[in-house]
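Read through the structure below, which is laid out as structure tokens, and then see the notes.
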2 protein chains.
Amino acid sequence: MARVGLNTERLTAAGAELADEVGFDKVTVSALARRFGVKDASLYSHVKNSQDLKTRIALLALEELADRAAAALAGRAGKDALTAFANAYRDYAHEHPGRYAAAQLDLDPETARASAAVRHSQMTRAILRGYRLAEPDETDAVRLLGSTFHGYVALERSGGFQHTPRTAEDSWTRILDALDALLRAWPAA
Amino acid sequence: MARVGLNTERLTAAGAELADEVGFDKVTVSALARRFGVKDASLYSHVKNSQDLKTRIALLALEELADRAAAALAGRAGKDALTAFANAYRDYAHEHPGRYAAAQLDLDPETARASAAVRHSQMTRAILRGYRLAEPDETDAVRLLGSTFHGYVALERSGGFQHTPRTAEDSWTRILDALDALLRAWPAA
DNA sequence: TACATTTGCCTAGGACGCCTAGGTAATTTA
DNA sequence: TAAATTACCTAGGCGTCCTAGGCAAATGTA
């Protein structure tokens, strides 16, 4: 009996690809087994269960996304950093819709704390350093940016922007302009 | 054989309640049947299939949400309207997490066009009338607001704001202040 | 090279959710 | 009161998840 050479890592990677192809919610243990030409029971030596598989894909996506964002930030500051970071985020969502969806999976608090999710908020804070906001304004701004980026991508992906001639691309650019302006003139409490 | 008196409407309403209790993704035909003390096959005279059931719950949630937002907007303008609208949105998500999740379901374009989703964007535009933005700025601002509100609620629900002492409540208030300031001083292209 | 150990993948099978077909009894309508 | 409708049923097929236990391929060791 020829062995395919499965292991946890390969399963996670293949699961991520599958997610991009058919959607994260359609990533199942059996679909993944089918892709490897293997019985589904065979996967349970490598992943604990379906939830475990999905969590691993989510963590992979968070890592990849953080890596991209970090690369985008390197050597930039101010609006330049803001734009590069935001685009890294949005581009990843476009290129890897399934992985992006995976990154939104609700992780249990412990897993989340050990994940690349922390790098994400650290990087957002790094961008804001250029705008010199004092606490708690910086925290509020972190949340505003996170919300807006995530929300925009979510609405865009669900087709919410298709009813007007204005392209999602153009609005995005202008919204980044607007956020930059807002951060430079953050209103006093 | 005693009849329970099922019909599509009651199933949808019960499905919405179930969603709030156990999460929208755990709303299944069999769980709903169990709740009525009925065999799952019995539900298929009232809903076409599982997807149909979920779509109906989503449409119900969109209606409810639009009704609340409309009530919040009545008689208000400017920042007052912005705040009331945003809070209606967020409060609904807190009170009805399952329904709110349902409202995010990807509807097929035709269903979406016939849904209350259109009312939502119309109302957002109504708020912006107080800020007198010309097109395409108004469209961009509609997208910014939609993204931010949705994104904030999503991040808040997934526990993304629990790592700092700053409360989600306080950041929300300040973000609304900031958005108001931004809309009043929308940067020129 | 021979044997022992590990491990990758298997079969068998149970639980549960989705859904169809066809039936019977309760309700409504004529 | 008979006919038509409808609410719910049983039976059963299929797919996904997951466990238990087995065999054979790969790997380590003498």
Side-chain angles (χ1 to χ4, degrees), chain A residues 1-60 98-99 101-102 104-108 111, chain B residues 1-60 98-99 101-102 104-108 111:
Chain A
M1 287 191 180
R3 295 193 185 189
V4 187
L6 298 183
N7 57 47
T8 307
E9 204 177 328
R10 285 192 64 195
L11 283 181
T12 306
E17 278 175 37
L18 185 59
D20 285 336
E21 289 168 23
V22 303
F24 182 59
D25 52 315
K26 296 206 178 56
V27 173
T28 66
V29 173
S30 26
L32 199 51
R34 235 174 280 129
R35 160 164 299 221
F36 281 103
V38 155
K39 299 292 166 183
D40 47 351
S42 304
L43 302 201
Y44 289 92
S45 343
H46 307 288
V47 295
K48 228 179 78 214
N49 52 36
S50 181
Q51 182 59 40
D52 179 42
L53 171 65
K54 284 179 183 160
T55 301
R56 286 175 191 279
I57 297 171
L59 293 175
L60 171 71
R99 285 161 150 92
Q104 313 308 320
L105 184 68
D106 273 13
L107 302 173
D108 66 288
T111 311
Chain B
M1 289 192 179
R3 296 194 185 187
V4 187
L6 297 184
N7 59 48
T8 307
E9 205 177 327
R10 285 192 63 193
L11 284 180
T12 306
E17 278 174 38
L18 184 60
D20 284 337
E21 289 167 24
V22 303
F24 182 59
D25 52 316
K26 296 206 177 55
V27 172
T28 65
V29 173
S30 27
L32 201 51
R34 238 175 277 128
R35 160 164 299 222
F36 281 104
V38 156
K39 300 292 167 185
D40 49 348
S42 304
L43 301 201
Y44 289 91
S45 342
H46 307 288
V47 295
K48 228 178 78 211
N49 53 35
S50 180
Q51 182 60 38
D52 179 41
L53 171 65
K54 284 178 183 160
T55 301
R56 287 175 190 279
I57 297 172
L59 294 175
L60 171 70
R99 284 161 152 94
Q104 313 307 320
L105 185 68
D106 273 13
L107 302 173
D108 66 289
T111 311

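Below, chain A is the first sequence line, B the second, and so on; all start at residue 1. Being a predicted model, the structure only gives us computed values, none of them experimental.
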Just the rounded figure in Å: distance from [atom2] of [N] to [atom1] of [X].
| X | N | atom1 | atom2 | result |
| --- | --- | --- | --- | --- |
| A:R35 | C:dC9 | CZ | P | 17 Å |
| A:L32 | C:dC9 | CG | P | 12 Å |
| A:E9 | C:dG8 | CD | P | 13 Å |

Practice prompt. Compare side-chain N and O positions of A:R34 against OP1 and OP2 of D:dT16 and report whether any pair is under 4.0 Å apart.
Written response: yes
Fill in: side-chain N/O B:S42 vs D:dA7 OP1/OP2, d < 4.0 Å
no
Item to complete: Mind checking side-chain contact (heavy atoms from CB on, under 4.5 Å) for A:T55 and listing every partner two or more places apart, or none if nothing turns up?
Response: A:Q51, A:L59, A:L105, A:L107, A:T111
Only counting residues at least two apart or in another chain, list the ones meeting side-chain hydrogen bond (donor to acceptor under 3.5 Å, both in side chains) with [X].
| X | result |
| --- | --- |
| A:D25 | none |
| B:D106 | none |
| A:R35 | A:E21 |
| A:N7 | none |

Discussion item. Please identify which of these residues, B:V38, B:L6, B:L53, meets the side chain to side chain contact (heavy atoms under 4.5 Å, CB included) condition with B:L32.
Written reply: B:L53
Check nucleotides 18-22 of chain D for protein N or O atoms closer than 3.5 Å to its own N or O atoms and list the pairs.
from: D:dC18; atom 1: OP2; to: A:Y44; atom 2: OH; distance (Å): 3.3
from: D:dC18; atom 1: OP2; to: A:S50; atom 2: N; distance (Å): 2.6

Fill in: Contacting residues from residues 10-23 of chain B, given that a heavy atom lies under 4.0 angstrom of DNA chain C
none
Worksheet, complete the sentence: Those residues at least two apart in sequence (or on a different chain) that pass salt bridge (charged side-chain N to carboxylate O under 4.0 Å, His left out) with B:D20 are B:R99
Worksheet item: What is the distance from atom CG of A:D40 to atom CG of A:L43, rounded to the nearest 0.5 Å?
Response: 7.0 Å
What nitrogen or oxygen pairs link the protein and nucleotides 4-6 of chain D at under 3.5 Å?
from: D:dT6; atom 1: O2; to: B:R3; atom 2: NH2; distance (Å): 3.0

Worksheet item: Which atom names give the shortest non-hydrogen contact between A:S42 and A:S45, and what distance separates them?
Response: O-OG, 3.3 Å
Worksheet item: Looking at A:I57 and A:A102, what are the two nearest heavy atoms and their distance?
Response: CG2-CB, 3.8 Å
Practice prompt. Scan for salt bridge (Lys or Arg N to Asp or Glu O under 4.0 Å) pairs involving residues 50-59 of chain A, sequence neighbours excluded, and state none if there are none.
Written response: A:D52-A:R56
Without placing hydrogens or testing angles, list every side-chain donor-acceptor pair under 3.5 Å for residues 8-18 of chain A, not counting sequence neighbours.
from: A:T8; atom 1: OG1; to: A:H46; atom 2: O; distance (Å): 2.9
from: A:R10; atom 1: NH1; to: A:V4; atom 2: O; distance (Å): 3.1
from: A:R10; atom 1: NH1; to: A:G5; atom 2: O; distance (Å): 3.0
from: A:T12; atom 1: OG1; to: A:T8; atom 2: O; distance (Å): 2.8

Practice prompt. Residues of residues 53-60 of chain A with any non-hydrogen atom less than 4.0 angstrom from an atom of DNA chain D: list those, numerically ordered, please.
Written response: none
